[in-house]
Novice: 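One structure, pasted below without further comment.
Residue numbers start from 1 in every chain, and the chains themselves are labelled A, B, ... in the order their sequence lines are given, proteins ahead of strands. Just so you know, these numbers use all the heavy atoms, side chains as well, and skip hydrogens, waters and symmetry mates.
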There are 2 protein chains.
Amino acid sequence: MKLSTKGRYGLMAMFQLALEFGDEPISLKYIAEKQGLSENYLEQLFSNLKRDGLIQSVRGAQGGYLLTREPKDITVGQVLRSLEGHLAPAECVQHDIDCSKEDNCATKLVLMKIKDSIDNVIDSITLEDMVVETLKNNSN
Amino acid sequence: MKLSTKGRYGLMAMFQLALEFGDEPISLKYIAEKQGLSENYLEQLFSNLKRDGLIQSVRGAQGGYLLTREPKDITVGQVLRSLEGHLAPAECVQHDIDCSKEDNCATKLVLMKIKDSIDNVIDSITLEDMVVETLKNNSN
DNA sequence: TTATACCCCACTAATATTGTCAACATTCAA
DNA sequence: TTGAATGTTGACAATATTAGTGGGGTATAA
Ligand code: FES
Ligand code: FES
């Protein structure tokens, strides 16, 4: 029941983009150093995020990545789903597969409640929320 | 972000024990057939559940397993934690490790909210709830 | 005494995770 | 114009985890 590094690293990187949100593209190298992550690995994650329209890229020297919209308009859920796929605790919840032989699986009902609860949390937090809360904590 | 088969199968098996809760021990073989699971695999899961005092065993012929208390006094959370360990989306949330170099990791705040939300759901559902809900659905 | 169960441990095949690496395309700035 | 900086893509590999299988025990009811 762990979130993989894809989700965690990707979210950390997106947080950095939100923190320095503006007109200047930010290079992968900078983000990787700032957050202590592998640049090559982040590349893969950013390709997903770009495919899903959360970031845009600027090629060439002084290039880098930018959020496609304001941090307040990007949710943690959008980021995590782009990186991890749907955040369901089992296949049967995500699609409509039956993983058990049971016609009416009791476990599935529980899993669906877990999924709903996770969705509810991640869809209600935006990148801006993360930035605000972090700045608040750091100023203490 | 998937629950492993340990958690799913184990919960299905515990549900079966709850469904047939009484004085008679229920054999692994019966549960395995009923739910379409591997008997040998279930053995491993049951050893965890027993270690954590959720079930007791009766050896010998006509033996099997029994819940140690009523279904209403066993939560899904207790079952899943026995099988999967703590249900945290990352190490740093479970213990007090820092997985990032950041002093004040923004992602960690999000992960903690996810964990709290999951805990909240699984600790509020008992095996009895699962039984009641399933019987209700099946009677339709 | 024998069939039926739980008990325990070792082992493995398949899959997913977590990256690394190399070759290439595009753009900016000197 | 040229080279350095940067994104793009796809292949590859080490490691860890998952999802079991199998076998040799022990206890007990019939
Ligand atoms: S149908 Fe997926 S756990 Fe039951
Ligand atoms: S400290 Fe664990 S994700 Fe940041």
Novice: Which nucleotide in the set D/dT26, D/dG7, C/dC21 lies at the smallest distance from any side-chain heavy atom of A/Arg59?
Specialist: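 Closest nucleotide to the A/Arg59 side chain: D/dG7.
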Novice: Check this for me: does the side-chain of B/Glu43 come within 3.5 Å of the base of C/dC8 through a donor and an acceptor?
Specialist: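 Answer is yes: a donor-acceptor pair is held.
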Novice: Measuring only between side-chain heavy atoms, which start at C-beta, is B/Thr107 closer than 4.5 Å to A/Met130?
Specialist: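 A side-chain contact under 4.5 Å exists here.
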Novice: Roughly how many Å is it from CD in A/Gln62 to P in D/dA5, rounded to a whole number?
Specialist: 9 Å
Novice: Using atom CE of B/Met1 as one end and atom C1' of C/dA16 as the other, report the distance to the nearest whole Å.
Specialist: 16 Å
Novice: Whole Å only: how far is the CG atom of A/Leu45 from the P atom of C/dT17?
Specialist: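 One finds 13 Å between P of C/dT17 and CG of A/Leu45, rounded.
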Novice: Would you mind reading off the distance between B/Asn40 atom CG and D/dT18 atom P, rounded to a whole angstrom?
Specialist: 20 Å
Novice: Would you indicate, yes or no, if D/dA19 has its OP1 or OP2 atom less than 4.0 angstrom from a side-chain nitrogen or oxygen of B/Ser4?
Specialist: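 The answer is yes; a side-chain N or O of B/Ser4 sits under 4.0 Å from OP1 or OP2.
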Novice: For DNA chain D, what residues of residues 49-58 of chain A have any heavy atom nearer than 4.0 Å?
Specialist: A/Lys50, A/Ser57, A/Val58
Novice: Could you check whether A/Tyr65 gets within reach of a base, just the sugar-phosphate, or nothing at all, counting any heavy atom under 4.0 Å?
Specialist: sugar-phosphate
Novice: Checking all strands, does A/Tyr30 fall into the base, sugar-phosphate, or nothing category for heavy-atom contacts under 4.0 angstrom?
Specialist: nothing
Novice: Please lay out, stage by stage, how B/Cys92 and B/Leu111 fare under the test side-chain contact (heavy atoms from CB on, under 4.5 Å).
Specialist: CA-CA 9 Å; B/Cys92 61; B/Leu111 296 179; 4.3 Å; yes
Novice: Does the pair A/Leu3 and A/Leu11 meet the rule for a side-chain contact (heavy atoms from CB on, under 4.5 Å), with working shown?
Specialist: CA-CA 11 Å; A/Leu3 204 63; A/Leu11 189 54; 6.0 Å; no
Novice: What integer distance in Å separates A/Asn48:CG from D/dG7:C1'?
Specialist: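 Nearest whole value for this atom pair: 15 Å.
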Novice: Which part of the nucleic acid, if any, lies within contact of A/Gly63, taking any heavy atom under 4.0 Å across all strands shown: a base, the sugar-phosphate backbone alone, or nothing?
Specialist: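 Touches sugar-phosphate only.
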Novice: Are OP1 or OP2 of C/dT20 and a side-chain N or O of A/Ser38 less than 4.0 angstrom apart?
Specialist: yes
Novice: Check if the side chain of A/Gln44 and the base of C/dT20 share a donor-acceptor pair of N or O atoms closer than 3.5 Å.
Specialist: yes
Novice: Test your reading of the model: is there a side-chain donor-acceptor pair from A/Glu128 to the backbone of A/Glu70, 3.5 Å cut-off?
Specialist: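 No; judged by distance alone, with no hydrogens or angles, the pair does not exist.
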Novice: Tell me the interatomic distance from A/Lys2, atom NZ, to D/dT17, atom P, rounded to whole angstroms.
Specialist: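 One finds 10 Å between P of D/dT17 and NZ of A/Lys2, rounded.
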Novice: Which residue pairs satisfy the side chain to side chain donor-acceptor pair (under 3.5 Å) criterion with at least one member in residues 38-47 of chain A, sequence neighbours excluded?
Specialist: A/Thr5-A/Tyr41
Novice: Taking 4.0 Å as the cut-off, does a side-chain nitrogen or oxygen of A/Thr5 come that near to OP1 or OP2 on C/dT18?
Specialist: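 Looking at the OP1 and OP2 atoms of C/dT18, one of them is under 4.0 Å from a side-chain N or O of A/Thr5.
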Novice: Return the CZ to NZ distance between A/Arg8 and A/Lys2, rounded to the nearest 0.5 Å.
Specialist: 9.5 Å
Novice: Phosphate oxygens OP1/OP2 of C/dC21: is one of them under 4.0 Å from a side-chain N or O of A/Tyr41?
Specialist: no
Novice: Report the nucleotide, chosen from C/dA3, C/dG19, C/dA25, that has the shortest atom-to-atom distance to any side-chain atom of B/Ala61.
Specialist: C/dA3
Novice: To the nearest Å, how far apart are A/Glu91 CD and C/dA16 P?
Specialist: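 Spelled out: CD on A/Glu91 to P on C/dA16 is 10 Å.
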Novice: What is the distance from CG of B/Leu37 to P of D/dT21, rounded to the nearest Å?
Specialist: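 After rounding, the gap between these two atoms is 11 Å.
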Novice: Answer yes or no: is there a side-chain heavy-atom contact under 4.5 Å between B/Leu54 and B/Arg69?
Specialist: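 B/Leu54 reaches B/Arg69 side chain to side chain.
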Novice: Distance-only, no hydrogens or angles: does the B/Asp129 side chain make a donor-acceptor pair with backbone N or O of B/Thr126 under 3.5 Å?
Specialist: yes
